[in-house]
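Heads up, the thing below is written out as structure tokens.
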Amino acid sequence: MRMRITATVLAVCATLTVAGASPAPSVKAARVMEDLGRGVVAVRAGSSQVLVSWRLLGLDPEGIGFNVYRSTAGGAYVKLNPGPLTGGTNYTDATADLTRANSYRVTPVVGGQEQAPSGAFTLTAGHAVEPVVRVPLRSGGAVKFVWVGDLDGDGEYDYVVDRQTSPQKLEAYSGDGDFLWEVDLGPNSRNQDNIEPGSSAIDVGHWDGVTVYDFDSDGRAEVALRVADGVRFGDGTTWTHENDARQFMAVLDGRTGALRNWSAVPTTYLADGPMAARLGVAYLNGTTPSLVAYMKNRRDDGAFNLMMGAWKFDGDSLDRQWTWQRGSQDAPDGHNTRAVDVDGDGTDEVAEIGFVLNGNGSLRYSMGPRGIIHGDRFHLADLDPGRPGLEGYGVQQDNPSGLLEYYYDAANGNVIWRHGGGPGDVGRGMAGDVDPRFAGMEVWSFSGLYNASTNRLTEPDTSLRPWPQLGLWWDGDLTMELLNDGKIEKWDPARPAPSGSLPRLVSTWNHGAVKAAQGGPTLVGDILGDWREEAVYTNASYDELIIFTTNQPTSHRLYTLAHNPAYRNAMTFKGYMQSHHVDYFLGAGMSRPPRPDIAYVP
């Protein structure tokens, strides 16, 4: 059960008119986002301790407290805390009889009054001591990616997983692991070449072709999918077209996998074959979500055609808003796409490693003329809290100028500093606050660990910098942990060491997890509990999701990262998997983040 604590915020732009008075100025509406539940989760943190964790929501009122209740073996719920909890949204229960099943739920407390209770999470009797939630899957092939969305409208995340079989499959499961539906991607998914895949292939190379989100803001998430001839939807109907290279954007019902509606992918480059695609979400008007796509195919001369587009689904029709074609423009792309409000005006832009598009599909800026070329990874975040706006950090692949990495103003693309010494295929680059001695975030690839704002090495011995794969928030402090090769690690500036020698918090293989196709998890994101992040893997039999969720308490209280616009957009994109970022500075010495300008779906 869910209950809104705050009043509903208008989700449409409005102009007020009063008789005899001039019209009031137009008021920009808030961004409509998921009406999430509390996401209660419990794990055994020790032989006699259970860590219970839950969400603080983006629009929770100031001063909200929480009570934690436990039911043992189906008995009455008993309150565990003597007074409302107003610190971190987690609680350590050291009094449970862990030989029996224990269910936990929380009740918000506002103005001294308890509100409706959350949904419950049950820790089974004799449960293992592990920072893991296990979700059963049907037997099937290898899984590369997992997406989350509230498919059934209960306020909690459900799961969509791929199957890297031939032909490929897409499957949906409830949050508890109940199978919902399957989509067969058909004969045109058998070609899984990572550069020129088949017209309905998904999740090869840096392509995905799938994303999950509530596109029509009705409280239930849809599945967006690029389809072609032979795709069989969840209700058994099959998409047919006489030309196997023709492609279409489709929106599927999240509950059934049935086709809701479709829109043709432009045929501008059809003569060069089908277009591989990367899909995600952006709020191009600042209020409602759009599906955005990055699409490429290869010409006979080896060069690539690049087209980007946006579609709007209103619950009935799926309409293309715009397309942008690179043509001969110097606009360098990479292996990731991000949708972020780079200029702070409330509307999102669509960013590649070397250029940014405005919400209407026009080119905002390109960094090509500033010497930037193709690279594998880039980050957009408030890297320097002492400087207005957001900053970017990117790495380069064999830049003939010798450029290896660069730091820039995300609003206009002006390069603030750059490091040379190449050419070299840098391959990986990371951004996050890992050294609290320096204000703001650090950035690093293989040239050393630099404080972004000062362009200063925080560790003079560059061989002691961390491995630049993924970051996530896991333990109780505000600095970022590292997720590398199945290991959750902590880089300690007082005892610097390379990643192979760092203090290890979790070894995922000890809990049966196997790495996915890119050597990492299938998803990283804040999908359960408080603001710390989960890392989702599968087991070796691919019949179980293994969701790593923190077993460490924290006193820091932050609203769920999934209610931060930049972070939630980032969760919808795949490509070469990157860490997600909020649009405020999250790290040591941070200020309290501003309340997000959002409204919950009706």
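Since we're looking at a predicted model, the values are computed, not measured.
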Is Glu352 paired with Arg278 through a side-chain N to carboxylate O contact shorter than 4.0 Å?
yes
Given 3.5 Å as the limit, does a donor-acceptor pair link the side chain of Glu489 with the main chain of Leu502, or not?
no
Quick check on Arg437: does its CZ atom have over 12 non-hydrogen neighbours (other residues, nucleotides or ligands) under 6.0 Å away?
yes
Would a 4.5 Å heavy-atom cut-off, applied to side chains only, mark Glu459 and Arg465 as touching?
no
Flag the pair Leu478 / Asp433 as yes when at least one side-chain heavy-atom distance between them is below 4.5 Å, and no otherwise.
no
Could you go step by step and tell me if Asn412 and Asn414 meet the side-chain hydrogen bond (donor to acceptor under 3.5 Å, both in side chains) rule?
CA-CA 6 Å; Asn412 55 32; Asn414 290 335; 3.2 Å; yes
Would you mind reporting whether Leu380 and Tyr408 have side-chain heavy atoms less than 4.5 Å apart?
yes
Between the main-chain N or O of Ala588 and the side-chain N or O of Thr479, is there a donor-acceptor pair closer than 3.5 Å?
no
With a 3.5 Å distance limit and no angle check, can you tell me whether Thr550 reaches the backbone of Asp475 through a side-chain donor-acceptor pair?
no
Separation of Asp203 CG from Arg163 CZ (nearest 0.5 Å):
12.5 Å
How about Trp207 and Tyr576: are their ring centroids closer than 6.0 Å?
no
Would a distance-only check, ignoring hydrogens and angles, find a side-chain to backbone donor-acceptor pair under 3.5 Å from Thr572 to Thr211?
no
Audit row: Met480, Trp473, side chain to side chain contact (heavy atoms under 4.5 Å, CB included) steps and yes/no
CA-CA 5 Å; Met480 180 180 276; Trp473 289 283; 3.7 Å; yes
So does Asp348 pair up with Arg31, basic N to acidic O under 4.0 Å?
yes
Would you give the length of the straight line joining atom CG of Asn399 to atom NE2 of His374, rounded to the nearest 0.5 angstrom?
11.5 Å
Do the non-hydrogen side-chain atoms of Gln164 and Tyr542 ever get within less than 4.5 Å of each other?
no
Output side-chain donor-acceptor pairs under 3.5 Å for residues 302-310, partner residues at least two apart or in another chain, one line each.
{"unit_1": "Asn305", "atom_1": "OD1", "unit_2": "Arg299", "atom_2": "NH1", "d": "3.4"}
{"unit_1": "Asn305", "atom_1": "ND2", "unit_2": "Asp272", "atom_2": "OD2", "d": "3.0"}
{"unit_1": "Asn305", "atom_1": "ND2", "unit_2": "Asn297", "atom_2": "OD1", "d": "2.8"}

Cation-aromatic face contact Arg338/Phe378, 6.0 Å, 45 degrees:
yes
Got Leu403 and Ile372 here, is their nearest side-chain heavy-atom distance under 4.5 Å?
yes
Step by step, would you call Lys490 with Asp477 a side chain to side chain contact (heavy atoms under 4.5 Å, CB included)?
CA-CA 11 Å; Lys490 185 76 169 180; Asp477 65 25; 2.9 Å; yes
State whether a side-chain donor-acceptor pair under 3.5 Å links Asn455 with His419.
yes
Met571 CE to Asn569 CG distance, which is reported to the nearest 0.5 Å:
11.0 Å
Salt bridge or not between Arg568 and Glu34? Use side-chain N to carboxylate O under 4.0 Å.
yes
Grab the two heavy atoms, one from Tyr559 and one from Trp531, that are nearest each other, plus how far apart they are.
O-CB, 4.1 Å
Sub-4.5 Å side-chain heavy-atom contact between Met590 and Pro385
no
Can any side-chain N or O of Glu544 pair as donor or acceptor with the backbone N or O of Arg134 at less than 3.5 Å?
no
Indicate the atoms forming the closest heavy-atom contact of Leu404 with Gly424, along with that distance.
CD2-N, 4.1 Å
Please determine whether side-chain hydrogen bond (donor to acceptor under 3.5 Å, both in side chains) holds for the pair Asp333 and Tyr294, giving the CA-CA distance in whole Å, both sets of side-chain angles, and the decisive distance to 0.1 Å.
CA-CA 10 Å; Asp333 64 313; Tyr294 162 105; 2.4 Å; yes
Mark yes or no for whether Glu534, through its side chain, and Leu528, through its backbone, hold a donor-acceptor pair below 3.5 Å.
yes
Between Phe355 and Trp324, does the ring centre distance come in under 6.0 Å?
yes
Which residues satisfy the side-chain contact (heavy atoms from CB on, under 4.5 Å) test with Ser453, sequence neighbours excluded?
Asp384, Asn451
Is any side-chain heavy atom of Gln469 less than 4.5 Å from a side-chain heavy atom of Leu482?
no
Minimum heavy-atom distance between Leu151 and Ala172, given as atom pair plus value:
CD1-CB, 4.0 Å
Please check: side-chain N/O of Asp158 versus main-chain N/O of Gly175, any donor-acceptor pairing under 3.5 Å?
yes
Under 6.0 Å from the CZ atom of Arg456, do we count more than 12 heavy atoms belonging to anything else shown?
no
Let me see the working for Tyr567 and Glu533 under side chain to side chain contact (heavy atoms under 4.5 Å, CB included), right down to the final yes or no.
CA-CA 11 Å; Tyr567 187 95; Glu533 294 176 289; 2.5 Å; yes
Do Tyr173 and Arg138 pass the side chain to side chain contact (heavy atoms under 4.5 Å, CB included) test, and can you show the C-alpha distance, the side-chain angles, and the key distance before you say yes or no?
CA-CA 9 Å; Tyr173 295 84; Arg138 299 194 309 172; 3.4 Å; yes
Would you please test Asp176 and Ser174 for side-chain hydrogen bond (donor to acceptor under 3.5 Å, both in side chains) and show each step?
CA-CA 5 Å; Asp176 294 328; Ser174 74; 5.0 Å; no
Would you confirm whether Ser290, through its side chain, and Leu284, through its main-chain N or O, come within 3.5 Å as a donor-acceptor pair?
no
Min side-chain heavy-atom separation Asp150-Leu36 under 4.5 Å:
no
So, does Glu156 use its side chain to make a donor-acceptor pair with the main chain of Gly39 at under 3.5 Å?
yes
Does any donor atom in the side chain of Glu391 or Tyr393 lie under 3.5 Å from an acceptor atom in the other side chain?
no
Got a donor-acceptor contact below 3.5 angstrom from the Arg364 side chain to the Glu349 backbone?
no
For the side chain to side chain contact (heavy atoms under 4.5 Å, CB included) test, which of Leu558, Thr549, Asn90 pairs with Arg532?
Asn90
Is it true that the NZ or CZ of Lys574 lies under 6.0 Å from the centre of Trp147's six-membered ring and within 45 degrees of the ring axis?
yes
Between Arg55 and Asp526, does any side-chain N to carboxylate O distance fall below 4.0 Å?
no
Does either side chain, that of Asn539 or that of Ser541, offer a donor lying less than 3.5 Å from an acceptor on the other one?
no
Any ring pair (Phe, Tyr, Trp, His ring centres under 6.0 Å) pairs touching residues 495-526, not counting sequence neighbours?
His511-Phe548
What one should report as the nearest heavy-atom pair of Val395 and Tyr406 is N-CE2, 4.0 Å
On a heavy-atom basis, the closest approach of Tyr365 and Ala410 is OH-O, 2.8 Å
To the nearest 0.5 angstrom, please state how far the CD1 atom of Ile547 sits from the CG atom of Leu523.
8.5 Å
